[in-house]
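Everything numeric in this text was worked out from a predicted model, so none of it was measured. Both counts, for ligands and for their atoms, begin at 1 and track the order of listing. Both backbone and side-chain heavy atoms feed into the values below; hydrogens, waters and symmetry mates do not.
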Amino acid sequence: MKRQSIVAANWKMNGSFGLVTEMSQGLASLKLANDVTVVVCPSTPFLTALSDAFEHENMSEHVSVGAQNVSEFEKGAYTGEVSTSMLQACKVQYVILGHSERRAIFNETSTQVAHKVKAALDAGLIPILCVGESEAERAAVQTETVLASQLQPVIDEVGIERFSHIVIAYEPVWAIGTGKTASPAMAQETHEFIRSFLAKSDEKIAAKTSILYGGSVNAKNCEELFAQADIDGGLIGGASLKVDEFSVICLAAKGTQ
Ligand code: PGA
């Protein structure tokens, strides 16, 4: 089954205009494998500069700009929020939704995440939908229940057919920013579960959905993780702030499978 490989950079609340220039120049010289897409997701103030820099370097085909969040509302009295049309004005194509930091720190619920996914899809943006269990949930053997409870509201809200325009990122919370990566076998097992969960609604869509792994991916462990049958790339936090290291990770993404 041919699936798109994606390596996405989640800068979180880090980065600068300097990093925008450095990253776009660094990525411009990479020879990415066919079917590999790189998505860089900086904070909102850097989106337009990054889009312009990618355009300037003529990289629009394999390299895209993504946001880290979007409002579920169209417009109005929502101080501090950013709408889908505003992201489009910044030439954004992807948007990370339901990141565990948004769920834990900003109390986003799976229902709200589902509304955001719908808003993004309606605007033609591709959601990178994050799911993942905490350390306590894994210890209590609740990983599959938690993942199902994060995925089902989105399926209910938008319908399984629209997963052909959704990318999933499996990020075990205990592996994010901790240096504790899931072993390739453990990550593969969970990715397989996510795919089988989607397959219960539609086998063809499940087979085509790109599922990225995230959580302490670095230049050393990326190759083995990306070699797993159901891992279609990665969502990279800390290591995406270093151009050299992020480049190595982009080059490790397998192309057509
Ligand atoms: P990390 O973050 O690579 O720094 O663990 C991943 C993420 O939160 O998306």
Side-chain angles (χ1 to χ4, degrees), residues 5-16 19 23 26-27 37-44 46-47 50 64-70 92-108 110 113 116-117 120 125-135 137-138 143 146-147 150-151 166-184 186-188 190-191 194 210-226 228 231-253:
S5 283
I6 299 172
V7 179
N10 176 11
W11 285 5
K12 309 191 180 187
M13 204 169 71
N14 299 297
S16 61
L19 185 59
M23 187 61 78
L27 294 179
T37 299
V38 171
V39 183
V40 180
C41 309
S43 297
T44 312
F46 305 125
L47 289 171
L50 192 65
S64 295
V65 177
Q68 297 174 14
N69 185 25
V70 78
V92 164
Q93 285 172 280
Y94 290 78
V95 57
I96 298 171
L97 291 174
H99 190 279
S100 61
E101 287 150 18
R102 304 267 351 145
R103 292 179 193 262
I105 306 169
F106 302 100
N107 301 319
E108 280 188 16
S110 291
V113 172
K116 289 182 177 214
V117 169
L125 297 167
I126 302 172
I128 301 176
L129 169 64
C130 300
V131 294
E133 82 288 359
S134 68
E135 195 154 29
E137 288 161 345
R138 178 161 282 270
T143 300
V146 170
L147 295 175
Q150 293 169 337
L151 289 167
I166 294 176
V167 175
I168 293 178
Y170 167 59
E171 298 203 308
V173 178
W174 47 270
I176 295 177
T178 57
K180 284 196 227 168
T181 325
S183 69
M186 186 196 278
Q188 164 58 26
T190 314
H191 280 231
I194 293 171
S210 296
I211 308 177
L212 318 183
Y213 170 77
S216 297
V217 178
N218 58 39
K220 290 206 181 86
N221 60 25
C222 58
E223 208 164 320
E224 217 189 327
L225 285 163
F226 295 170
Q228 304 303 310
I231 299 185
D232 307 306
L235 179 55
I236 323 297
S240 74
L241 298 167
K242 299 169 218 147
V243 178
D244 288 350
E245 180 157 23
F246 186 59
S247 300
V248 171
I249 299 170
C250 292
L251 292 174

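Numbered from 1 in the order shown, with element, the atoms of ligand 1 that lie under 4.0 Å from a heavy atom of Gly215 read 5 (O). Annotation for ligand 1: atoms under 4.0 Å from non-hydrogen atoms of His99 are 7 (C), 8 (O), 9 (O). Set against the non-hydrogen atoms of Ala175, the atoms of ligand 1 under 4.0 Å away are 5 (O). Taking a cut-off of under 4.0 Å to the non-hydrogen atoms of Gly238, the atoms of ligand 1 that pass are 1 (P), 3 (O), 4 (O). Close contacts of ligand 1 with Gly177, meaning ligand atoms under 4.0 Å from a residue heavy atom, involve 1 (P), 4 (O), 5 (O).
Atoms OG and CD1, from Ser134 and Ile176 in turn, are 11.0 Å apart once rounded to the nearest 0.5 Å.
The nearest non-hydrogen atom to atom 2 (O) of ligand 1, considering only Lys180, Glu101, Lys12, comes from Lys12.
When hydrogens are left out, the protein atom nearest atom 3 (O) of ligand 1 is Gly237 N, 2.9 Å; that is the closest non-hydrogen contact.
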Please test Glu133 against Trp174 for side-chain hydrogen bond (donor to acceptor under 3.5 Å, both in side chains), starting from the C-alpha separation and ending with a verdict. CA-CA 8 Å; Glu133 82 288 359; Trp174 47 270; 3.1 Å; yes
Before you tell me yes or no, could you show the steps for Ser5 and Asp232 under side-chain hydrogen bond (donor to acceptor under 3.5 Å, both in side chains), namely the whole-Å CA-CA distance, both residues' side-chain angles and the distance that decides it to 0.1 Å? CA-CA 5 Å; Ser5 283; Asp232 307 306; 5.8 Å; no
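Backbone and side-chain nitrogen or oxygen atoms of Glu171 are examined, and one is located within less than 3.5 angstrom of a nitrogen or oxygen of ligand 1.
Looking at heavy atoms from C-beta onward, Glu135 lies out of side-chain contact with Val173 at the 4.5 angstrom threshold. The closest side-chain heavy-atom distance from Phe226 to Ile249 is below 4.5 Å. Using a 4.5 Å heavy-atom cutoff, the side chains of Leu241 and Phe246 are not in contact.
For Gly214, the heavy-atom gap to ligand 1 stays at 4.0 angstrom or more. Residue Ala169 places every heavy atom at 4.0 Å or more from ligand 1. Under a 4.0 angstrom heavy-atom cut-off, Ala239 registers as lying outside contact with ligand 1.
Contacts with ligand 1 closer than 4.0 Å are made by heavy atoms of both the backbone and the side chain of Ile176.
The two residues Ala175 and Tyr213 come nearest to each other via the heavy atoms CB-OH, 3.6 Å.
For the residue pair Glu108 and His99, no side-chain donor N or O sits within less than 3.5 Å of a side-chain acceptor on the partner.
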